[in-house]
Amino acid sequence: MEEKEKLFVIGENIKYEGEQLKVIAEYERTIVAEFNRFPIPDREEEFPFRRIVIKKGKAERIG
């Protein structure tokens, strides 16, 4: 199986739905990221866990 080129760097900061996260893993179509601040005030129900799986097209690079 041919490995695809990585789009993100482990440890890179990204933005998702207005929140900053750090990339901890990358897969073919998704990344796993950890919120930089947690819990997120007034969004606990929307983001109940520190880590989240995000489709690559939904993550926004910072800088």
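Computed from a predicted model, the values in this text were never measured in an experiment.
The line from NZ of K6 to OH of Y27 is 8.5 Å long, rounded to the nearest 0.5 Å. A distance of 13.5 Å separates CD in Q20 from CD in E34, rounded to the nearest 0.5 Å.
In the hydrophobic cluster analysis, where Ile, Leu, Val, Met, Phe, Trp and Tyr join through side-chain heavy atoms closer than 4.5 angstrom, I52 is grouped together with I10. V32 and L21 fall into different hydrophobic clusters, where Ile, Leu, Val, Met, Phe, Trp and Tyr side chains are chained together by heavy-atom contacts under 4.5 Å.
Not one N or O on the side chain of K58 forms a donor-acceptor pair closer than 3.5 Å with the backbone of E17. Remark: side-chain polar atoms of E26 are paired, donor with acceptor, to backbone N or O of F8 under 3.5 angstrom.
A cation-pi arrangement is not found for R51 relative to F35, the charged atom failing to lie both closer than 6.0 Å to the ring centre and inside a 45° cone about the ring normal.
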Note to self: With side-chain contact (heavy atoms from CB on, under 4.5 Å) as the criterion, how do N36 and N13 come out once you've worked through the C-alpha distance, each side chain's angles and the decisive distance to 0.1 Å?
What the structure shows: CA-CA 9 Å; N36 288 352; N13 285 311; 3.3 Å; yes
Next item on the list: Could you give me the CA-CA distance, side-chain angles and deciding distance for I31 and V53, then say whether side-chain contact (heavy atoms from CB on, under 4.5 Å) is met?
Entry: CA-CA 6 Å; I31 57 172; V53 177; over 6 Å; no
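Other residues, nucleotides and ligands place more than 12 heavy atoms under 6.0 Å from the CZ atom of F38. Summarising the local packing, NZ of K56 is surrounded by more than 12 heavy atoms from other residues, nucleotides or ligands at distances under 6.0 Å.
Within the 4.5 Å cutoff, the side chain of T30 has no heavy atoms near those of the I54 side chain. Contact annotation: the side chain of I14 approaches that of V23 to within less than 4.5 Å [non-hydrogen atoms, C-beta and beyond].
Nearest heavy-atom pair across P39 and E44 is CB-CG, 4.3 Å. Counting all heavy atoms, side chain and backbone alike, R43 lies closest to E19 at NH1-OE2, 3.4 Å.
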